[in-house]
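A short worksheet on the structure shown next.
Residue numbering restarts at 1 for every chain, and letters A, B, ... go by the order of the sequence lines. In this text the structure is predicted, and so the values were computed from the model without any measurement.
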There are 2 protein chains.
Amino acid sequence: MFIVLEGWACRYKILPNGARQIMAFLMPGDACDLHIKLLAEMDHGIQALTSALVARVSQGDMQALMQRHPNIAAAMYSAQLVDEGIMRAWIVSMGRRSSIERVAHLICELYLRARGIGLTYDDEFALPLSQLVLADALGMTAVHINRVLKELRLEGAMSLGRGSVVICDLAKLIQIAGFDENYLHRRLR
Amino acid sequence: MFIVLEGWACRYKILPNGARQIMAFLMPGDACDLHIKLLAEMDHGIQALTSALVARVSQGDMQALMQRHPNIAAAMYSAQLVDEGIMRAWIVSMGRRSSIERVAHLICELYLRARGIGLTYDDEFALPLSQLVLADALGMTAVHINRVLKELRLEGAMSLGRGSVVICDLAKLIQIAGFDENYLHRRLR
DNA sequence: CGGCACATTGATACCGATCAATCGGGGTGG
DNA sequence: CCACCCCGATTGATCGGTATCAATGTGCCG
């Protein structure tokens, strides 16, 4: 089992036609594959998006740790539930949101997650993802992502550049995204 | 905690603009919300799509059951992992597959799940979902679903009608969908 | 200085949404 | 028993949002 300590990673899958779809972003504190051992085969890949520092915990140690500290077990379980909520939110985004809403929604999610782990500075946070990576996460084209980002910048909602995002007007961004932070707030309970 | 015994249900979310997105289908044997109690609020709704028979198990009974029978606990956990795999597959579909590929992929998934619980008769199985429901699951329009179904019928891959599907040519359907059954086969381990 | 990856912008094509009309079947009320 | 009605399925015409193709700009690294 792995835990990201620094840097970013993602879960992804490559389709027969060569297209890539990213299914999740892993930020510091996120764990991958509590469970690989239970399953036959990974159905997707995991990849670092920046240079990253990753901790490895053996299956046995993890088992022992969770038995000795029920609170840790509960926390891991609850983190997994949040991850599921995030996946459901992604499905909603891809299915029923326009491209600008999708981009705004993803930035809202990442901003709140970053804030939750103390990685924001005021209304800014590091987002070391190329537009191509964002496109593969949102099911769109890098070209079109670029146009959408321009529109969001002109609207005064947010501005992405040089590996970091500035949230100019969070309320507006949330309103554009139709963002319901309920599914992430769980993290706080 | 609830378990579907007969009939179909779905997880869904309604957006501010009134659009509905279905995030999962629940078939007989599927459980909802092992965990509602842990979380503050449901971030989505659950709804029966047919008349359905549902079992309710109290939190306490479930806890006791899982402690007494580790195999059951492991099975529940593993079922949840499969559900996550299904969600990831949906994200991939919505992001990077064309409408016809999406439809084919969903039918592949549902067919294999139905077969896994003994609900198929040869190459046919009951699919009591209106085209509007399918559209809301796949992020498309009922009108367009209809056209895609026609195309799949003309291709000789499958035929949907009257609440049931006939898989005419599974190999062709899988090929159209770019279906990788790996993520469902886990169910068999 | 050169090269390379990423960002940006323009022109055009196409997939799927939208609008609109008709059809068909099953249930309901008279 | 029949007429009506309503929901879902089907089909056609048109619109619009993104993809695609193509070219140029820009910053970083060797």
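Side-chain proximity of B/T141 to C/dA17, D/dC21, C/dC19: nearest is C/dA17. The side chain of A/R147 lies closest to C/dT9 when the candidates are C/dC19, C/dA17, C/dT9. Side-chain proximity of A/S98 to C/dG10, D/dT18, D/dT10: nearest is D/dT18.
For B/R102 and C/dC15, the CZ to P distance is 14 Å, given to the nearest whole Å. In this structure, CE of B/M140 is placed 19 Å from P of D/dG17, rounded to the nearest angstrom. The nearest whole Å value for the distance from the CG atom in B/L132 to the P atom in C/dT18 is 12 Å. When the P atom of D/dT18 is taken as reference, atom CZ of B/R96 falls 14 Å away, rounded to whole Å. One atom, CG of A/L127, and another, P of C/dC6, lie 15 Å apart when rounded to the nearest Å. For B/H144 and D/dG12, the NE2 to P distance is 14 Å, given to the nearest whole Å. To the nearest angstrom, C1' of D/dG8 lies 15 Å from CG of B/L49. Distance A/D136 CG to D/dT18 C1': 15 Å, rounded to the nearest Å.
With the nearest nucleotide of DNA chain D identified for both A/R162 and A/R97, A/R97 has the one nearer the 5' end.
In the helix from C/dC1-D/dG30 to C/dG30-D/dC1, the rotation axis of the first five pairs and that of the last five pairs differ in direction by 40°, rounded to 10 degrees.
Between B/V4 and B/F2, the closest side-chain pair of non-hydrogen atoms is not below 4.5 Å.
In this structure, CD on B/Q131 lies 11.5 Å from CG on B/L138, to the nearest 0.5 angstrom.
Distances shorter than 4.0 Å separate none of the side-chain N or O atoms of B/N146 from OP1 or OP2 on D/dA9. Using a 4.0 Å cut-off, no side-chain N or O of B/K150 falls inside it from OP1 or OP2 of D/dT10. Taking 4.0 angstrom as the limit, B/Q131 places none of its side-chain polar atoms (N or O) nearer than this to OP1 or OP2 of D/dC7.
Using a 4.0 Å heavy-atom criterion, one finds that B/S99 contacts the sugar-phosphate atoms exclusively. Residue A/G139 is classed as a sugar-phosphate contact, given heavy-atom separations below 4.0 Å to backbone atoms only. Counting any heavy atom pair closer than 4.0 Å across all strands shown, B/S130 reaches sugar-phosphate atoms only and no base atom.
In the hydrophobic clustering of this structure, B/F179 groups with A/I14; members are Ile, Leu, Val, Met, Phe, Trp, Tyr whose side-chain heavy atoms approach within less than 4.5 Å, directly or through other members.
Note on ring orientation: taking the six-membered ring where Trp is involved, the planes of A/Y183 and A/H105 are parallel (angle under 30°, cut-offs 30° and 60°). Note: A/W90 and A/F25 have perpendicular aromatic rings, judged against thresholds of 30 and 60 degrees for the angle between ring planes.
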Test salt bridge (Lys or Arg N to Asp or Glu O under 4.0 Å) applied to A/R113 and A/E109, step by step: CA-CA 6 Å; A/R113 284 172 64 186; A/E109 176 202 315; 2.8 Å; yes

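Closest non-hydrogen pair, B/G7 versus B/P28, comes out as O-CD, 3.4 Å. Scanning both residues, A/I100 and A/V148, for their nearest heavy atoms gives CA-CG1, 3.7 Å. Taking all atoms of both residues into account, the shortest heavy-atom contact from A/T50 to A/P128 is CG2-CG, 3.4 Å.
For B/D122, the CG atom counts as loosely surrounded, since its 6.0 Å shell holds 12 or fewer non-hydrogen atoms of other residues, nucleotides or ligands.
Of the residues in residues 103-110 of chain B, not one places a heavy atom less than 4.0 Å from an atom of DNA chain D.
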